[in-house]
Amino acid sequence: VPGWQVVGALARDASPGTFPGAIFTEREKFFTSRPDVIIEAAGPQAFAEIGPGALAVADVWTISASALADSRFFDLMEQVGTSHGHRLRLLAGAFSGLDSVAALSALPGAKVELTAGWTDDDGLGPAIRETASARDIVLRHRGVNALAAAAIAGTGLDETRIDYVGNGPPGQRVLAVTASGAGGRFNARSEPSVDLTNGPLMVVGS
């Protein structure tokens with residue numbers, strides 16, 4: 001991208017690859033490389049581990065909104081961002097329409113309902129069907145980062161309900177949102193393809 005330069009990546013393995021920059025295995029050395037933006041693409045566990053340190057040195061873009069379902073981590077990230085003047089941006093990954101959800105939720109009486117259909121990549125996981133708060137679903141199930149971002153953009157993790165279905169063909173993913181309120185109604189549905197080696201390719205593209 002014109003005007004931008006890759007400083008490096010933080011990874012567990014520094015073996016040679018195709019990454020167009022330095023690879024750091026020590027987070028402090030990575031942070032002292034003075035990036036302007038850090039993009040987290042390693043998942044919720046990694047985000048929970050490196051998020052506060054990353055936000056202390058730069059703006060952070062993350063695909064792992066579900067980590068913010070932990071209210072202590074959410075509060076910590078808010079404190080770090082405020083004290084250091086950096087912003088956290090939630091990337092939609094395999095979804096879209098977060099701006100519409102946010103717009104409707106800024107008006108009184110908004111309601112946001114989400115649907116997640118997710119299966120183990122081998123299709124052998126147990127069948128699950130439940131409806132609960134976005135916070136509850138996100139804390140207990142994988143594959144719902146995008147819906148965590150939609151909940152945070154909208155009415156919040158506790159006020160948003162997710163209808164979660166954990167069965168179906170191998171590798172199937174379905175993410176859907178319905179937002180309604182004084183400003184109207186918005187619907188979106190995403191069915192990302194899943195590569196068994198690289199994961200959801202729409203997330204990779206995001």
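Residues take their numbers from the sequence shown, with the count starting at 1.
No side-chain donor-acceptor contact under 3.5 Å links Thr155 and Ser105. Side-chain N/O atoms of Ser64 and Asn145 include no donor and acceptor closer than 3.5 Å.
For the residue pair Ala150 and Leu98, the shortest heavy atom distance occurs at CA-CD2, 3.5 Å. The minimum heavy-atom distance linking Leu157 with Leu68 is given by the pair CD1-O, 3.7 Å. Residues Phe95 and Leu175 come closest through the heavy atom pair CE1-O, 3.5 Å. Taking both residues in full, the closest heavy atoms of Ala188 and Ser96 are given as CB-O, 4.4 Å, listed atom of the first, atom of the second, then distance. The two residues Ile38 and Pro35 make their nearest non-hydrogen contact at CG1-CG, 3.7 Å.
Hydrophobic cluster membership is shared by Leu55 and Ile152, with clusters built from Ile, Leu, Val, Met, Phe, Trp and Tyr side chains linked at under 4.5 angstrom.
Using modelled atom types, one side-chain atom of Thr32 and one backbone atom of Lys29 make a donor-acceptor pair closer than 3.5 Å. At distances below 3.5 Å, at least one donor-acceptor pair connects side-chain atoms of Arg135 with backbone N or O atoms of Ala69. No side-chain donor-acceptor contact under 3.5 Å links Arg27 to the backbone of Gly53. Judged by distance alone, with hydrogens and angles left aside, the side-chain atoms of Gln5 form no donor-acceptor pair with the main-chain N or O of Val7 at under 3.5 Å.
The CD1 atom of Ile162 lies 9.0 Å from the NE2 atom of His141; values are rounded to the nearest 0.5 Å. Between the OG atom of Ser66 and the CD1 atom of Ile137 there is a distance of 12.5 Å, given to the nearest 0.5 Å. Separating the CG atom in Asn187 from the CD atom in Glu113 is a distance of 10.0 Å, to the nearest 0.5 Å. Rounding to the nearest 0.5 Å gives a distance of 8.5 Å between CZ of Phe186 and CG of Leu104. The OG atom of Ser133 sits 11.0 Å away from the CG atom of Leu114 when rounded to the nearest 0.5 Å.
Between Leu147 and Thr160, every side-chain heavy-atom pair lies at or beyond the 4.5 Å cut-off. Annotation: side chain of Leu88 is not in contact with side chain of Glu78 (no heavy-atom distance under 4.5 Å). Taking the side chain as every heavy atom from C-beta outward, Phe30 and Ile50 never approach each other to under 4.5 Å. Looking at heavy atoms from C-beta onward, Ile63 lies in side-chain contact with Glu40 at the 4.5 angstrom threshold.
With respect to the salt-bridge test (charged N to carboxylate O, under 4.0 angstrom), the residues Asp59 and Arg87 do not qualify.
In the displayed structure, Arg140 atom CZ is contacted under 6.0 Å by more than 12 heavy atoms of other residues, nucleotides or ligands.
Listed by chain and residue number, Arg72 satisfy the salt bridge (charged side-chain N to carboxylate O under 4.0 Å, His left out) test with Asp70 (two or more places apart in sequence, or in another chain). In this structure Thr131 satisfies the side-chain contact (heavy atoms from CB on, under 4.5 Å) test together with Arg161, Asp163, sequence neighbours excluded. Among residues two or more places apart in sequence or in another chain, the side-chain contact (heavy atoms from CB on, under 4.5 Å) test is passed with Pro52 by Phe73, Leu76, Met77, Val80.
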